[in-house]
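To start, the structure itself, in structure tokens.
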Amino acid sequence: MRHLLSTRGITRDQAVQILDVAEDMADVATREVPRLPVLRGKTVVNLFYEDSTRTRISFEAAAKRLSADVINFSAKGSSVSKGESLKDTAQTLAAMGADAVIIRHQSSGAPEVLARSGWIDAGIVNAGDGTHEHPTQALLDAFTIRRRIHGQAARGKGLEGCRVTIVGDILHSRVARSNVWLLTCLGAQVSLVAPATLMPLAIGEWPVEVDYDLDHALSAGPDVVMMLRIQAERMHDAFFPNAREYSRQWGLDDERLARLPESSMVMHPGPMNRGLEISAGAADSPRSTVREQVANGVSVRMAVLYLLLAGAMEEAA
Ligand code: NCD
């Protein structure tokens with residue numbers, strides 16, 4: 001694997017391999033010294049043009065557990081705010097000997113530009129680009145689902161027959177996109193629920209079922225309900241009447257949670273708007289995987305960095 005830009009086009013074998021390596025990495029985390037020397041001497045750069053808490057910290061923890069050197073480069077307070085181009089920044093990072101660049105950017109396609117440009121000869125990992133993709137989030141979500149279903153026997157398995165309902169601001173969500181491609185490739189059946197204004201226009205071409213009524217979608221008793229954050233920062237229009245109306249129709253509140261089967265998982269990539277798309281009761285319930293998702297994120301990112309910088313694998317996407 002040279003870069004990880006997208007989950008679209010990833011094969012089932014590649015996805016299962018990453019999840020299996022992540023299982024090995026999760027085992028490392030339980031050791032007294034949760035560290036492997038495999039990336040000693042390698043330099044990993046976190047290049048973040050957009051705000052992030054958990055994703056940046058998660059990549060940093062992952063790189064450090066593999067003994068890599070980590071440079072955090074946030075666009076705020078750097079020459080980027082003085083107008084330095086992506087090209088100049090990439091060439092600077094190349095001169096510093098970066099082996100991998102984890103990039104989060106507000107423009108869809110920026111990681112791909114970096115990977116194809118020739119400005120830098122490093123492995124590129126997309127940590128979220130505009131409304132396009134967020135592949136490691138989808139991988140950690142798939143890992144979390146697979147673990148809850150199969151426990152210790154998860155290795156080698158996909159998500160065949162698992163019914164996943166993704167709810168909310170699909171239009172602006174790179175998490176939804178990456179999950180649709182990855183979860184369906186692993187055999188899951190994905191349905192999307194949103195107000196019509198927050199459903200992408202091309203939705204008919206996606207390998208999913210579409211529903212506009214949350215109560216109807218939940219009545220089918222999905223195995224997984226994945227709630228998405230309302231991304232107010234990407235909304236330049238009124239997509240729904242007001243917050244109260246949104247949570248009444250599309251929020252996972254305590255009453256809807258109570259109607260779900262005991263075995264259903266409740267997921268959210270974070271950061272959560274408690275009381276808007278998800279109630280505190282749902283977010284903190286035993287069915288919620290929110291904290292597992294964060295912990296698993298480190299294992300999955302360790303696997304990706306390992307396969308990129310130390311392992312041999314065909315290019316994914
Ligand atoms: C997501 C993101 O940034 O795309 N968050 C994350 O990576 N944990 C989802 C979001 O911001 O809503």
Side-chain angles (χ1 to χ4, degrees), residues 4-8 22 46-63 72 74-76 102-112 125-145 164 166-183 192-195 198-200 224-236 239-240 243 246-247 250-252 265-278 282-283 288-302 304-305:
L4 179 65
L5 305 175
S6 155
T7 58
R8 198 171 192 165
N46 269 324
L47 178 60
F48 276 60
Y49 288 82
E50 254 190 15
D51 293 339
S52 164
T53 325
R54 78 207 77 220
T55 304
R56 194 187 59 70
I57 295 174
S58 181
F59 271 110
E60 183 172 352
N72 286 312
S74 128
K76 274 183 202 147
I102 321 289
I103 176 172
R104 167 166 290 196
H105 201 283
Q106 61 280 4
S107 301
S108 301
E112 171 131 24
V125 180
N126 180 2
D129 60 331
T131 59
H132 176 232
E133 284 229 27
H134 192 353
T136 58
Q137 179 70 44
L139 285 162
L140 78 88
D141 291 336
F143 181 88
T144 303
I145 298 171
V164 182
I166 305 179
V167 186
D169 186 359
I170 311 281
L171 181 65
H172 301 104
S173 181
R174 51 199 181 200
V175 174
R177 283 171 183 73
S178 286
N179 264 306
V180 165
W181 315 129
L182 182 70
L183 299 179
L192 303 179
V193 184
L198 289 177
M199 204 62 101
V224 178
V225 181
M226 184 184 294
M227 304 306 297
L228 298 174
R229 184 173 67 88
I230 286 292
Q231 303 200 20
E233 77 278 18
R234 299 192 208 279
M235 293 187 187
H236 307 295
F239 288 90
F240 47 85
Y246 182 85
S247 42
W250 291 284
L252 185 63
M265 293 169 229
V266 172
M267 308 185 80
H268 194 302
M272 294 184 276
N273 294 306
R274 285 169 184 260
L276 180 53
E277 71 264 358
I278 190 165
S288 162
T289 61
V290 171
R291 282 196 304 211
E292 274 160 64
Q293 287 170 268
V294 175
N296 292 339
V298 178
S299 307
V300 162
R301 290 174 176 124
M302 285 171 79
V304 168
L305 289 174

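Atoms within each ligand, like the ligands themselves, are counted from 1 in listed order.
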_Check for me whether R301 meets the cation-pi criterion with F59, that is, NZ or CZ under 6.0 Å from the six-membered ring centre and within 45 degrees of the ring axis._
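Geometry flag: set, cation within 6.0 Å and 45°.
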_For F239 and H172, take the angle between the two ring planes, folded into 0 to 90°, and tell me which bin it lands in: parallel under 30, tilted 30 to 60, perpendicular over 60._
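The rings of F239 and H172 stand perpendicular, inter-plane angle above 60°.
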*Measure the CG-CG distance between N46 and N72 for me, rounded to the nearest 0.5 Å.*
4.5 Å
_Once rounded to the nearest 0.5 Å, what's the spacing between atom CD of E133 and atom CZ of R177?_
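It comes to 9.0 Å.
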*Taking atom CZ of R291 as the centre, does the number of heavy atoms from other residues, nucleotides or ligands within less than 6.0 Å exceed 12?*
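Open: at most 12 neighbouring heavy atoms sit under 6.0 Å from CZ of R291.
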*Can a salt bridge be assigned to the pair E112 and R8 using a cut-off of 4.0 Å between side-chain N and carboxylate O?*
no
For ligand 1, list all ligand N or O to protein N or O distances below 3.5 Å, rounded to 0.1 Å.
residue: ligand 1; atom: 3 (O); partner: R104; partner atom: NH1; Å: 3.2
residue: ligand 1; atom: 3 (O); partner: R104; partner atom: NH2; Å: 3.2
residue: ligand 1; atom: 3 (O); partner: R174; partner atom: NH2; Å: 2.9
residue: ligand 1; atom: 4 (O); partner: R174; partner atom: NE; Å: 2.7
residue: ligand 1; atom: 4 (O); partner: R174; partner atom: NH2; Å: 3.3
residue: ligand 1; atom: 5 (N); partner: G270; partner atom: O; Å: 3.0
residue: ligand 1; atom: 7 (O); partner: T55; partner atom: OG1; Å: 2.9
residue: ligand 1; atom: 7 (O); partner: R104; partner atom: NH2; Å: 3.1
residue: ligand 1; atom: 7 (O); partner: H134; partner atom: NE2; Å: 2.7
residue: ligand 1; atom: 8 (N); partner: P269; partner atom: O; Å: 3.1
residue: ligand 1; atom: 8 (N); partner: G270; partner atom: O; Å: 3.2
residue: ligand 1; atom: 11 (O); partner: R229; partner atom: NE; Å: 3.2
residue: ligand 1; atom: 11 (O); partner: R229; partner atom: NH2; Å: 2.9
residue: ligand 1; atom: 12 (O); partner: R229; partner atom: NE; Å: 2.7
residue: ligand 1; atom: 12 (O); partner: R229; partner atom: NH2; Å: 3.4

